[in-house]
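Read the structure below first, then the notes.
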2 protein chains.
Amino acid sequence: MTAPKQSRTRAASQGTRTTAGGQASPGQLQKEIRQTKSFASIHAEAFLNIVRTADQTQHLLHMQLKPYGITETQYNSLRILRGAGKQGLSCAEIGERLISQDPDITRLLGRLERQGLVRRERGAKDRRVVMTKITASGLERLKELDPVVTSTVHALLDHLSEDELGKMIGLLERARSRPTSSA
Amino acid sequence: MTAPKQSRTRAASQGTRTTAGGQASPGQLQKEIRQTKSFASIHAEAFLNIVRTADQTQHLLHMQLKPYGITETQYNSLRILRGAGKQGLSCAEIGERLISQDPDITRLLGRLERQGLVRRERGAKDRRVVMTKITASGLERLKELDPVVTSTVHALLDHLSEDELGKMIGLLERARSRPTSSA
DNA sequence: TCACTATGCTTGTTATAACAGATGAAATTC
DNA sequence: GAATTTCATCTGTTATAACAAGCATAGTGA
């Protein structure tokens, strides 16, 4: 599989990482997005690399899921509900594990319900809460999709060693663990 | 600034990175998305870390840009057009440097034009091609936004050392450089 | 017990990624 | 020169992220 045309690019301007001798050397990303100028800072370059890698990998996963008529977000919702078991989860609980803080959960679950993959029910005890459970056909759909996702994700990254992947994970975790006083 | 609630999560199932003694130890991401099961593989864990880090950083940038009434994609379009100079770029050329391979470029530029930030003109030589140029007020808007984006991106990542950022960039570049025969 | 506040969800809306087909123009082929 | 193919853009549509307001319900305090 060849990489698709570049996905969304991000803020970048002058500056680049310097080699040992202090000379600016263009990175791979600069070429990918046909950037003649170097990046403003190594922070900008890192940010763009993170976002571009995510876009590319998500796009490739999307292409693999497309024949099954399921999006990545729908797949994740189903997986979360399978994990929840028979009691299901409320909209808020699903949203907490899925999407950003004001997720379009009602419409997302509505689409899954129309496909017969989940069932929603308003609680008797608290009529504000809607519990959602995965259906038998939702579980079957996941059985189909799990190997597709697993093998796609594996194929995307299997040219990196376990040591490299471990290092990447560590760095990304550290990137997300910024001190709360910053910015 | 505190991290927002987790954004979209991705495919994950059983398995996790092992410690030196072979014991499974949950990663930070597992806790972030309230995952009781470990990840299916280190590939899945790496994939989710990439996507989650990108979502989080983009969300934070989005929040910084919101008061200016500009989205990240719009900002990037303007930056690309500033870089192109007086002759502007065609829709296809912008799309190549911006978004995925079938980008919604017409509508994106239409919105920027309505804000007076760009001007579109159909070529006399080839009436299929629409050239887009940034306007003076587009350039002014960028002057406002550049420091916002620069400082936000810097703040997101300045708790990492230059060495760590360089390593992260290298690993992400390698992640994107998969052999074309894979998958 | 009632008024007020908080919670959970729903709906309308905009922006963008993605898919697909249509339109007009240019290039190519016969 | 005409027909066909290719190219660039446009438009309709769906899914999702995001924003905001509204509705129904539950909880709290006086």
Side-chain angles (χ1 to χ4, degrees), chain A residues 4-10 51 54-56 58-77 89-96 98-115 120-132, chain B residues 4-10 51 54-56 58-77 89-96 98-115 120-132:
Chain A
K5 276 178 180 171
Q6 77 224 28
S7 56
R8 54 174 86 107
T9 51
R10 297 300 178 269
V51 170
D55 278 359
Q56 196 177 77
Q58 284 184 276
H59 176 79
L60 293 165
L61 181 57
H62 178 79
M63 284 168 64
Q64 296 300 315
L65 288 175
K66 192 163 69 176
Y68 300 85
I70 287 277
T71 67
E72 195 183 337
T73 309
Q74 290 172 347
Y75 172 76
N76 287 331
S77 302
L89 290 171
S90 69
C91 295
E93 286 169 326
I94 298 169
E96 276 172 9
L98 184 63
I99 307 178
S100 62
Q101 62 222 58
D102 192 8
D104 198 6
I105 200 65
T106 302
R107 283 181 276 236
L108 174 62
L109 294 176
R111 289 188 281 271
L112 288 173
E113 191 170 39
R114 282 195 288 280
Q115 296 185 53
R120 291 186 291 179
E121 217 168 74
R122 195 167 288 272
K125 212 159 182 184
D126 187 337
R127 298 197 55 76
R128 295 174 297 181
V129 174
V130 172
M131 298 301 289
T132 305
Chain B
K5 276 179 182 172
Q6 76 225 29
S7 55
R8 56 173 85 108
T9 52
R10 296 303 177 268
V51 170
D55 279 358
Q56 195 177 77
Q58 284 183 277
H59 177 79
L60 293 167
L61 181 55
H62 178 79
M63 284 169 63
Q64 296 300 314
L65 288 175
K66 191 163 71 180
Y68 299 86
I70 288 278
T71 67
E72 195 182 337
T73 309
Q74 291 173 345
Y75 173 75
N76 288 330
S77 303
L89 290 169
S90 69
C91 295
E93 286 168 327
I94 299 169
E96 276 171 9
L98 186 62
I99 305 176
S100 61
Q101 64 221 58
D102 193 6
D104 198 6
I105 199 66
T106 301
R107 285 181 275 235
L108 174 59
L109 295 175
R111 290 188 282 269
L112 289 173
E113 190 170 41
R114 283 195 288 281
Q115 296 187 52
R120 292 187 291 179
E121 216 169 75
R122 196 168 287 275
K125 215 168 183 169
D126 188 338
R127 298 195 57 76
R128 294 173 298 180
V129 173
V130 171
M131 298 302 288
T132 305

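Just so it is clear, the values below take in all heavy atoms, side chains as well, and ignore hydrogens, waters and symmetry mates. In this text the structure is predicted, and so the values were computed from the model without any measurement. A note on names: the letters A, B, ... follow the listed sequences, proteins ahead of strands, and every chain is numbered from 1.
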Problem - Min side-chain heavy-atom separation A:H59-A:D55 under 4.5 Å - result: no
Practice task
Keeping the roles fixed (side chain from B:E113, backbone from B:R120), state whether a donor-acceptor pair exists under 3.5 Å.
Solution key: yes
Completion exercise
Rounded to whole Å, CZ of B:R128 lies from P of C:dT23 at a distance of 18 Å
Exercise for the section: Compare every heavy atom of A:V51 with every heavy atom of B:A54, then report the nearest pair and how far apart it is. Expected result: CB-CA, 4.0 Å
Exercise for the section: Measure from NE2 on A:H59 to P on C:dT16 and round the result to the nearest Å. Expected result: 19 Å
Fill in the blank from the handout: Closest heavy-atom pair, A:T71 versus A:L65, reported as atoms and distance to 0.1 Å, is C-CD1, 4.1 Å
Completion exercise
Comparing nearest nucleotides in DNA chain C, the 5'-proximal residue of the pair A:K66, A:V129 is A:V129
Exercise for the section: Calculate the interatomic distance between A:E96 atom CD and C:dG8 atom C1'; express it in whole Å. Expected result: 12 Å
Problem - Phosphate-side-chain proximity, B:Q74 and C:dT16, N/O vs OP1/OP2 below 4.0 Å - result: yes
Taking only nitrogen or oxygen atoms into account, show me every contact under 3.5 Å that the protein makes with nucleotides 12-14 of chain C, one pair per line with its distance.
{"residue": "C:dG12", "atom": "N7", "partner": "A:R107", "partner atom": "NH1", "Å": "3.0"}
{"residue": "C:dG12", "atom": "O6", "partner": "A:R107", "partner atom": "NH2", "Å": "2.8"}
{"residue": "C:dT13", "atom": "O4", "partner": "A:R107", "partner atom": "NH2", "Å": "3.0"}

Exercise for the section: For A:T106, answer base if it contacts any base atom (sugar-phosphate contacts may also be present), sugar-phosphate if it contacts only those atoms, and nothing otherwise; contact means non-hydrogen atoms under 4.0 Å. Expected result: base
Practice task
Take atom OH of B:Y75 and atom C1' of C:dA15, then tell me their distance rounded to the nearest Å.
Solution key: 19 Å
Completion exercise
Rounded to whole Å, the NE2-C1' distance (B:H62 to D:dT16) equals 13 Å
Completion exercise
Quick note, A:T71 side chain, CB onward, closest among C:dA6, D:dA15, C:dA25 is D:dA15
Problem - Side chain proximity check, B:I70 to B:Q115, heavy atoms < 4.5 angstrom - result: yes
Exercise for the section: Establish, with yes or no, whether the OP1 or OP2 oxygen of D:dA17 is under 4.0 angstrom from a side-chain nitrogen or oxygen of A:T73. Expected result: yes
Exercise for the section: Quickly work out the B:K125 NZ to D:dA8 P distance and round it to whole Å. Expected result: 15 Å
Problem - Nearest-angstrom distance from the residue atom CG of B:D126 to P of D:dA8 - result: 8 Å
Exercise for the section: Select one nucleotide: of C:dT10, D:dA15, D:dC19, the one nearest the side-chain heavy atoms of A:V130. Expected result: C:dT10
Completion exercise
Closest of D:dT9, D:dC19, C:dT10 to the B:A92 side chain is D:dT9
Practice task
State which of C:dA25, D:dC10, C:dC19 makes the closest approach to the side chain of B:C91.
Solution key: D:dC10
Problem - Nearest heavy-atom neighbours spanning B:M63 and B:P67 - result: O-CD, 3.4 Å
Practice task
Using modelled atom types only, decide if a donor and an acceptor are shared between the side chain of A:R122 and the backbone of A:M131 within a distance under 3.5 Å.
Solution key: no
Handout entry: Nearest listed nucleotide, side chain of B:R122, among D:dA24, D:dC10, D:dA8
Key = D:dC10
Practice task
Using atom CG of B:L65 as one end and atom C1' of D:dA17 as the other, report the distance to the nearest whole Å.
Solution key: 15 Å
